Amino acid sequence: MAADSPVPLASASDMAAGQFADLVRDYSADALAQLMIEATRQCEGIAGRRLAPFASVPESHRATGIDPDELSDAGSMPMDLQGTLGRSYSAALGGGDQVRHVWLNEFAPRYPEMWSYSNLQVTLLRSYGGSQAVAAASLIGAENDSGHVWFSLGTFLPVGSLIRVLYDGGYSTTPADLGRACKLLAASLALGEIDPAGTQFGHDRGVLSAQAEAILCTYQRT
């Protein structure tokens, strides 16, 4: 089984350099690195979303709903050549109005300028009409602040189709408050291992966890 090895929200050196250094001074390099990974995953669990950089995350979505602003009764509006060809192609394929939007599960709840997406792959398994791997040139997005992916006009995507996506993303630059939350949870985990009664180091696990949760509540999925 492959080991869980994300890029942690705070590094082992970050933990060893601050006021929590006394808690981790006896940890080996590998053990401390693992502690920061565990704290990172706890941060993501509290927030209910991925925060650390990730790769090849699979998702599936059912194509539902059609934006009323994009219905076919807008056909009298002027269009450029690409839009005209796209509408013509969609009409020739049949199936009425096509779905043009999907929203990825993972996106930046705060600081979208620090978030990045890459290697977005989309496969359509249509409710009728076979399947298709969508070319990147036919997609707009994903948008960092919403996870929105927009299919180009003319994409044959009937309602009820299955949309499979695979993508990389996450905070390429870790917001400072997330780094702090990770260190707080790492300290809480360390105390649980070496001083569960809270009598040796003068730190309170409950206070540390509460401070981390106060930070992470602003990242929670709503």
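Index from 1, following the sequence. Keep in mind that what you see is a predicted model, and the values were worked out from it rather than measured.
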Leu32 side chain near Met15 side chain, heavy-atom distance below 4.5 Å: yes
Heavy-atom closest pair, residues Ala186 and Ala39: N-CB, 3.6 Å
Check whether any side-chain heavy atom of Thr123 lies under 4.5 Å from a side-chain heavy atom of Val134, and answer yes or no. no
Determine, stepwise, if the pair Arg110 / Thr218 fulfils side chain to side chain contact (heavy atoms under 4.5 Å, CB included). CA-CA 8 Å; Arg110 302 177 69 194; Thr218 61; 3.0 Å; yes
Yes or no on side chain to side chain contact (heavy atoms under 4.5 Å, CB included) for Arg221 and Glu106, after CA distance, side-chain angles and deciding distance? CA-CA 10 Å; Arg221 194 179 296 278; Glu106 307 302 338; 3.3 Å; yes
CZ/Arg164: more than 12 non-hydrogen atoms of other groups inside 6.0 Å: no
Using every non-hydrogen atom in the two residues, find where Ala21 and Ala16 come nearest and quote the distance to one decimal. CB-O, 3.2 Å
Under the ring-ring contact (aromatic ring centres under 6.0 Å, His included) rule, collect the residues that match up with Tyr171, sequence neighbours excluded. Trp115
How many angstroms lie between atom OH of Tyr111 and atom OG1 of Thr174, to the nearest 0.5 angstrom? 12.5 Å
Do Trp150 and Leu139 make a side-chain contact, defined as non-hydrogen atoms from C-beta onward lying under 4.5 Å apart? no
If you look at every heavy atom in Gly141 and Leu120, which pair is closest and at what distance? O-CD2, 4.1 Å
Look up atom CG in Leu157 and atom OG in Ser138, then write down how far apart they are to the nearest 0.5 Å. 12.0 Å
Would you say Ser209 and Ser188 are linked by a side-chain donor-acceptor pair, where the criterion is simply a distance under 3.5 Å? yes
Heavy-atom closest pair, residues Pro175 and Tyr219: CB-OH, 3.5 Å
Hey, are the side chains of Glu113 and Asn144 touching, using non-hydrogen atoms and a 4.5 Å cut-off? no
Test Val57 against Asp168 for side chain to side chain contact (heavy atoms under 4.5 Å, CB included), laying out the working first. CA-CA 6 Å; Val57 166; Asp168 305 346; over 6 Å; no
Verify salt bridge (charged side-chain N to carboxylate O under 4.0 Å, His left out) between Glu38 and Arg41, making sure each step is shown before the conclusion. CA-CA 5 Å; Glu38 292 171 7; Arg41 290 307 194 204; over 6 Å; no
Verify the cluster assignment for Leu9 and Ile37: are they in a single hydrophobic cluster under the rule of side-chain heavy atoms below 4.5 Å apart? no
Please tell me if the side chains of Ile215 and Leu184 come closer than 4.5 Å, counting only heavy atoms from C-beta onward. yes
Min side-chain heavy-atom separation Leu124-Leu162 under 4.5 Å: no
Met36 vs Cys182, side chain to side chain contact (heavy atoms under 4.5 Å, CB included): CA-CA, chis, key distance, verdict: CA-CA 7 Å; Met36 304 315 294; Cys182 185; 4.1 Å; yes
Please determine, by modelled atom types, if Ser161 and Arg126 share a side-chain donor-acceptor pair under 3.5 angstrom. no
Clusters formed by hydrophobic residues whose side-chain heavy atoms approach within less than 4.5 Å: which one holds Val7, and what are its other members? none
Rounded to the nearest 0.5 Å, how far apart are CG of Leu185 and OG1 of Thr40? 9.0 Å
For a 4.5 angstrom cut-off between non-hydrogen side-chain atoms, does Phe151 reach His101? no
Atom pair CG (Leu178) and CE (Met114), whose distance is rounded to the nearest 0.5 Å: 9.5 Å
How many angstroms lie between atom NZ of Lys183 and atom CG of Leu23, to the nearest 0.5 angstrom? 12.5 Å
Of all residues at least two apart in sequence or in a different chain, which pass the side chain to side chain donor-acceptor pair (under 3.5 Å) check with Glu59? His61, Tyr167
What is the distance from atom CZ of Phe107 to atom NE2 of His148, rounded to the nearest 0.5 Å? 12.5 Å
I want to check something: taking the side chain as every heavy atom from C-beta on, are Ile140 and Val149 in contact at a cut-off of under 4.5 Å? no
Applying side chain to side chain donor-acceptor pair (under 3.5 Å), run through Glu193 and Tyr27 and close with a yes or a no. CA-CA 11 Å; Glu193 293 180 351; Tyr27 278 70; 2.5 Å; yes
If you take all heavy atoms of Leu208 and Ala187, which pair is closest and at what distance? CD1-CB, 3.9 Å
Between Arg100 and Thr155, a side-chain donor and acceptor under 3.5 Å: no
Where Ala63 and Pro158 come nearest, the two heavy atoms and their spacing: CB-O, 3.8 Å
